Structure formats: structure tokens, C-alpha cells
Amino acid sequence: MKNFIVLFLILGFSLVTAQAQKFQGQGPVEIVPTASKPIQKQWKGNYSFDDENLTFSNDFQGARLNGIIHDEDDTYTALITSENTPINSSPWYAFIVWSKEKKQINLILTYQESVKHRYYPKLSHDGINWMPLDSINYTEYDKGTKDFDPDSRPLKVKIKLEVGPDTLWVAGQELHTSKHVNNWINTQVQQSYIAQKSIGKSVEGRDLKLLTIGKETGKNMLIVISRQHPPEVTGYLAMKSFVETIGSDSKLAKRFRRKFTTYVVPLMNPDGVDNGHWRHNAGGIDLNRDWANFNQPETQAVRTFMENKIKETNGKFYFGIDFHSTWDDIYYTVDEKLEGNMPNLVPDWLKKIKETIDQYDPNISPSDKMEPTIISRNYFFVNYGAEALVFEIGDNTPRDFLIKKGEISANILMEMMLDRLD
Ligand SMILES: [Zn+2]
């Protein structure tokens with residue numbers, strides 16, 4: 001376990017300091033209308049300067065760059081805006097940049113009014129492997145004084161970039177668009193016991209992919225979803241590791257798959273992800289407020305799938321998990337006094353995870369207000385009795401650690417569920 005601590009130091013991320021003052025989580029979820037609203041699509045293309053010596057582009061999936069101007073000398077200012085408002089302050093940006101000759105430029109990242117900078121810049125030369133920008137090339141302006149909410153963040157940041165003929169990718173979080181997710185799904189289905197299918201279409205007609213791990217006819221089921229909110233990449237990466245562990249060839253995973261079938265929707269909001277949205281789907285709605293009204297095709301598809309599975313198998317969903325990202329690792333659980341199909345599974349599981357990972361003590365925030373269901377956790381619990389939670393990973397949680405955490409969490413869960421099955 002010492003390795004984890006060393007890892008924090010090496011990566012220089014803020015998890016350890018953030019835990020000094022623990023993230024308390026967000027307040028109660030508000031009921032909001034979920035009928036579709038207009039969204040602002042972004043103009044796609046190249047922004048060229050200095051007789052095309054320097055070019056920025058947002059002409060790819062997952063990008064968000066809404067305007068850029070040349071200030072003076074080698075300094076440029078970019079504007080990033082959201083798909084609509086009101087919206088949660090999570091400005092996701094991504095663009096590529098290249099120049100005919102190698103040079104250094106300054107780029108100031110700015111956002112629409114009242115929105116603060118959130119995601120630390122990551123760089124890539126292939127759009128697949130990413131490194132955080134060196135902190136000597138990063139300057140914050142008008143930084144707030146609070147610990148966690150948007151008031152803790154700077155209004156704008158200046159980043160120094162080395163540009164040249166090779167394309168440089170710059171993004172708020174690593175790009176895992178529908179193309180990348182589909183590639184991952186294709187690696188998983190190489191296993192004979194993992195299958196994929198589409199359970200419906202998004203607003204813009206993208207397939208909503210479902211992975212089945214184990215027997216299609218199994219009566220004992222789990223539901224795993226991720227990426228309702230497009231920039232929440234750390235939650236997605238933890239989900240991948242969690243799912244790969246359930247689909248691995250360990251003895252435990254084999255035993256688990258004989259008794260349980262795990263259904264996974266890895267990309268709940270493919271339109272939002274591919275359009276670089278900060279929060280909403282192409283219907284302009286926060287999908288994780290639509291689990292009572294079901295106005296959006298993405299939530300409808302999961303509801304129809306789960307209802308049909310219960311009819312087909314006459315079985316039960318024992319567990320439901322929805323992966324997200326926020327300021328710091330936190331679990332939003334169902335209050336212990338409310339019992340589902342496997343009482344106390346989630347509190348016991350989280351306790352064991354904390355015991356297993358040394359020096360790791362994320363907040364647990366239970367709720368007993370389950371109706372109207374509004375969010376996925378409540379829907380899974382109220383409608384199916386699934387022991388359910390929202391599993392939130394910090395934006396800056398070191399990537400190696402969250403992969404380890406996904407793996408440890410899955411192993412402990414499989415053991416516990418096998419022990420508790422009648
Ligand atoms: Zn979220």
C-alpha cells in the first residue's frame with residue numbers, strides 16, 4: 001500500500017491535501033423539468049493566424065473550443081462556452097494546435113460569465129496518451145479562496161505551449177469519446193462470456209451500447225452505468241477497471257459469473273461526449289435528473305432494458321452503480337435503514353474498501369430521500385430493490401490509483417455478493 005503514497009507524491013496531484021479537509025458532497029438534488037431544451041452547437045473548423053503559421057482546430061469529436069483571438073505577440077485568448085444554461089460549472093475544453101515552425105505560445109483559457117476554470121490541462125501527441133501540463137507552464141488568475149466548490153477555482157488560466165508541425169492535443173480531461181469507448185468494448189467482447197448489443201439510440205442517433213458479462217438468462221443481476229456527464233472521465237476510467245475485473249479470468253471472477261450477470265452501459269451520453277458538452281445530452285438535459293420523468297431516449301432505453309430483463313428472467317437486480325467525477329472521491333449511498341435485495345451490502349462493501357486501501361478515507365454521504373426517483377441510484381433502488389450508489393471519483397485522482405481502486409472494489413464486491421446469495 002505504500003506504493004499508493006509514493007504514487008501521489010510522484011504525480012503531484014492534490015488528493016492527499018484535499019483529504020485534509022474532506023469534501024462534504026453536494027446538497028440535495030433539486031427537481032428540474034427534463035423536457036428537451038435547445039442547445040447551442042459549436043462552429044467546427046480551424047482558427048488560423050499569422051498567414052496560417054499557427055492553427056487551432058476543434059474539428060474532431062469531443063472538442064470544445066468556441067472562439068480564439070490573437071492578443072499580442074505570442075499570446076492568444078480562447079473562449080469556451082457551454083451547450084446551454086443554466087449549467088453546472090464544469091467547462092470541458094479540447095482542441096488541437098500546430099504551427100509551421102516550432103515556437104512557444106501563451107494561451108489564456110476563458111469561459112462564459114460566472115463560470116470558473118475547473119480541469120487542469122492535459123497534453124497529448126496522439127490523442128490517446130496524455131500527460132498533465134508541466135506546472136511551470138500554468139498560471140492561475142483571480143483564484144477563489146474556498147476549498148471545493150467553484151469558488152475555489154480561478155476565473156481564467158494561462159498556459160504555455162510548445163507548438164510545432166506535429167499536432168498537439170490539449171484537453172481538460174483525457175478524451176474518451178464514443179469511438180474510444182467502442183474500441184474498449186470491442187476488446188472486452190473478445191472473451192466468450194462477454195457480449196455487446198445496442199439497447200437504443202441517443203437523441204442524435206448514436207447507439208447506446210450494453211455489455212453483458214455472464215449468462216444472458218441469469219436471474220441474479222447487476223447494473224453498471226457511467227458517463228451521464230461528459231467530462232467525468234475519472235469516473236469512467238474507474239468503471240472500466242471495475243468492469244474489467246468482473247470480466248477477468250481470476251478464479252473469483254469465474255465463480256462470480258456462474259452466479260451473477262453484470263450489465264454495463266459504459267457511455268450513457270454519447271452525444272454529449274462527442275459534442276464536448278459540459279453536462280447535458282443533445283436534448284439539453286442533465287440525464288441524471290430524468291430518472292423519474294424519462295423524457296430522454298438515453299434514460300428510457302435503460303428503463304426499458306431493465307424492465308424487460310425482470311420480465312424475461314423473473315430475477316432480481318441486486319446491485320446498481322453509477323460512476324461520476326467531482327472535486328474529490330465520495331460515495332452517495334442509500335441510507336442503511338432502507339433495505340433492498342441484499343441489505344447492508346453497500347455499507348459493508350465500502351467499509352471493507354476503506355480497510356483494504358491504507359490511508360484512504362473518502363466521505364460517504366447517505367440519503368433516505370428516494371422519491372421522486374430523479375437520479376439513477378434512486379431509480380435502481382426504488383424500482384428494483386438494487387443496493388445502489390453513486391460512485392464519485394475526484395477530477396484529479398491519480399489515474400493509476402483509480403484503476404487500482406476499481407479493481408479492489410470489484411474484487412471485494414464479488415466476494416461479498418457470492419457470500420450473501422441464498
Ligand atoms: Zn456527474
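Counting starts at 1 for both ligands and their atoms, in listed order. Small disclaimer: the values here were computed from a predicted structure and weren't measured.
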> Looking at every non-hydrogen atom in both residues, tell me the closest pair between Thr34 and Arg289 and how far apart they are.
CG2-O, 3.1 Å
> With carbon and hydrogen excluded and only N/O/S kept, which atom of His324 is nearest the Zn ion (ligand 1)?
ND1
> If you compare all heavy atoms of Leu287 against all heavy atoms of Met268, which two are closest, and at what distance to 0.1 Å?
CD1-O, 3.7 Å
> For Asn281 and Gln296, does a side-chain donor sit closer than 3.5 Å to a side-chain acceptor?
yes
> Kindly give the atom name of the N, O or S atom of Glu232 closest to the Zn ion (ligand 1).
OE1
> The Zn ion (ligand 1) is nearest to which N, O or S atom of His229?
ND1
> State, without any angle test, whether Thr55 and Asn46 hold a side-chain donor-acceptor pair at a distance under 3.5 Å.
no
